[in-house]
Novice: 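Would you mind keeping the following structure in view while I ask a few things?
None of these values were measured; they are calculated from a predicted model. Residue numbering restarts at 1 for every chain, and letters A, B, ... go by the order of the sequence lines.
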Number of protein chains: 2
Amino acid sequence: MEYEQLKLDNQLCFRLYTAARLTMGAYHPYLDLLGITYPQYLVLLVLWEQDKQPVNDIAHKLFLETNTVTPLLQRMEKAGLVKRTKGKEDTRQRIVSLTKKGIEMREQAKHIPDCLSDEIIQITGEEEEFVRMIPSLDKLIEGLKHTTHNK
Amino acid sequence: MEYEQLKLDNQLCFRLYTAARLTMGAYHPYLDLLGITYPQYLVLLVLWEQDKQPVNDIAHKLFLETNTVTPLLQRMEKAGLVKRTKGKEDTRQRIVSLTKKGIEMREQAKHIPDCLSDEIIQITGEEEEFVRMIPSLDKLIEGLKHTTHNK
DNA sequence: CAAATTTATATCGTTCACGATGCAAAAGTA
DNA sequence: TACTTTTGCATCGTGAACGATATAAATTTG
């Protein structure tokens with residue numbers, strides 16, 4: 001049993017990695033209709049809650065690096081979802097704001113979370129159990145932020 | 001409250017996505033010492049449990065597509081961790097086997113899971129709570145496999 | 001057995017994710 | 001005020017992830 005810990009079956013991270021990918025897969029049909037990807041959907045969630053934010057704020061809320069978010073925003077700008085303007089007080093900043101198209105997409109996206117819940121319930125007969133993981137996941141995320149590499 | 005469901009705070013998938021990325025980040029310092037990435041580590045876990053498997057079996061165990069795993073294996077072959085030989089009964093198959101270097105790495109990787117557990121415990125004062133998520137994650141993953149897009 | 005279909009893997013193009021690095025503007029310091 | 005450091009964002013290179021497509025070998029069918 002010397003290598004027992006190295007079995008895939010014993011690994012939490014592998015579950016998170018897999019569950020995250022498959023969940024994003026489940027979003028795919030809905031996001032395809034809107035012509036956006038899951039990370040782009042996340043950016044929209046952030047902007048729908050509060051429009052006109054600098055790149056840094058968006059990256060921080062998504063726990064991503066700015067060098068991931070910048071090209072993401074460039075693609076979204078090319079797709080006509082957002083526009084990026086120079087900051088006024090701090091000209092280093094790029095303020096990201098929603099276009100008309102980006103604002104209107106909220107209405108079409110409104111039902112996605114419920115669609116997904118329904119699908120999960122229909123397939124697994126469960127929902128409560130998964131929602132109950134949220135506080136644990138938040139605690140884990142909060143802890144992982146203070147890991148050597150994630151600081 | 002019309003858009004309440006579209007808040008980042010209410011999204012399970014966002015937690016999974018973030019937790020998975022940050023957990024992989026926590027593995028980073030350990031895997032760097034071995035010169036491998038997290039997905040490469042997963043492939044090694046699979047091969048350490050059973051050497052000499054076709055690409056398809058590896059992909060299936062990791063819930064990945066073969067067009068993700070093939071380039072991954074090519075990089076691992078270039079790094080001298082595995083070799084890929086033509087299958088004998090079925091010549092379409094590529095049998096992936098560990099090299100000496102790949103076999104020996106198991107010894108160096110042996111303590112990684114415990115190192116990570118210790119780190120999590122030290123930071124969050126918790127471990128049980130996260131381990132308790134595993135059955136729920138497995139149930140979720142099993143369900144998600146039967147989603148339209150993940151079939 | 002020959003033709004059609006399926007299967008195993010590979011290749012290509014696009015989008016993330018992120019380390020390393022660069023650059024200009026802002027902030028701090030002498 | 002001149003100089004140094006920090007900050008905000010961008011660019012580049014590498015490694016995933018995956019859809020679409022290609023190709024050859026196996027399997028099924030007629």
Novice: Among the nucleotides D:dA17, C:dG19, D:dC9, which one has an atom lying closest to any side-chain atom of A:Arg21?
Specialist: D:dA17
Novice: Could you tell me how far apart B:Gln40 (CD) and D:dT14 (P) are, to the nearest whole angstrom?
Specialist: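 From B:Gln40 CD to D:dT14 P: 15 Å.
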Novice: Over 60° means perpendicular and under 30° means parallel, so tell me whether B:His149 and A:His28 are parallel, tilted or perpendicular.
Specialist: parallel
Novice: For a quick test of reading the model: is some side-chain N or O of B:Thr91 closer than 4.0 Å to OP1 or OP2 of D:dA26?
Specialist: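 Yes, B:Thr91 has a side-chain N/O under 4.0 Å of OP1/OP2 on D:dA26.
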Novice: Look at the side chain of B:Arg94 against the base of C:dT9 and say whether a donor-acceptor pair falls under 3.5 Å; ignore hydrogens and angles.
Specialist: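 It does not, because no donor-acceptor pair links the side chain of B:Arg94 to the base of C:dT9 below 3.5 Å.
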Novice: Closest to the B:Pro39 side chain: C:dA24, D:dG19, D:dA16?
Specialist: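 The nucleotide sitting nearest to the side chain is D:dA16.
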Novice: Across the strands shown, which category fits B:His149 at heavy-atom distances under 4.0 angstrom: base, sugar-phosphate, nothing?
Specialist: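 Contact class for B:His149: sugar-phosphate only.
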Novice: From C-beta outward on B:Thr37, which listed nucleotide comes closest to its side chain: D:dG15, C:dA10, D:dA25?
Specialist: D:dG15
Novice: Applying a 4.0 Å non-hydrogen cut-off, can you work out what A:Pro71 is touching in the nucleic acid: base, sugar-phosphate, or nothing?
Specialist: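 Nothing: the residue A:Pro71, judged by heavy atoms under 4.0 Å, touches no strand.
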Novice: Any idea which of C:dA26, C:dC16, C:dA10 is nearest the A:Leu72 side chain?
Specialist: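 In terms of side-chain proximity for A:Leu72, the closest of C:dA26, C:dC16, C:dA10 is C:dC16.
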Novice: Hey, does B:Asn56 reach any base, or is it just sugar-phosphate, or nothing, if we go heavy atoms under 4.0 Å?
Specialist: sugar-phosphate
Novice: Which nucleotide sits closest to the side chain of B:Thr68: C:dC16, D:dA10, D:dA16?
Specialist: D:dA16
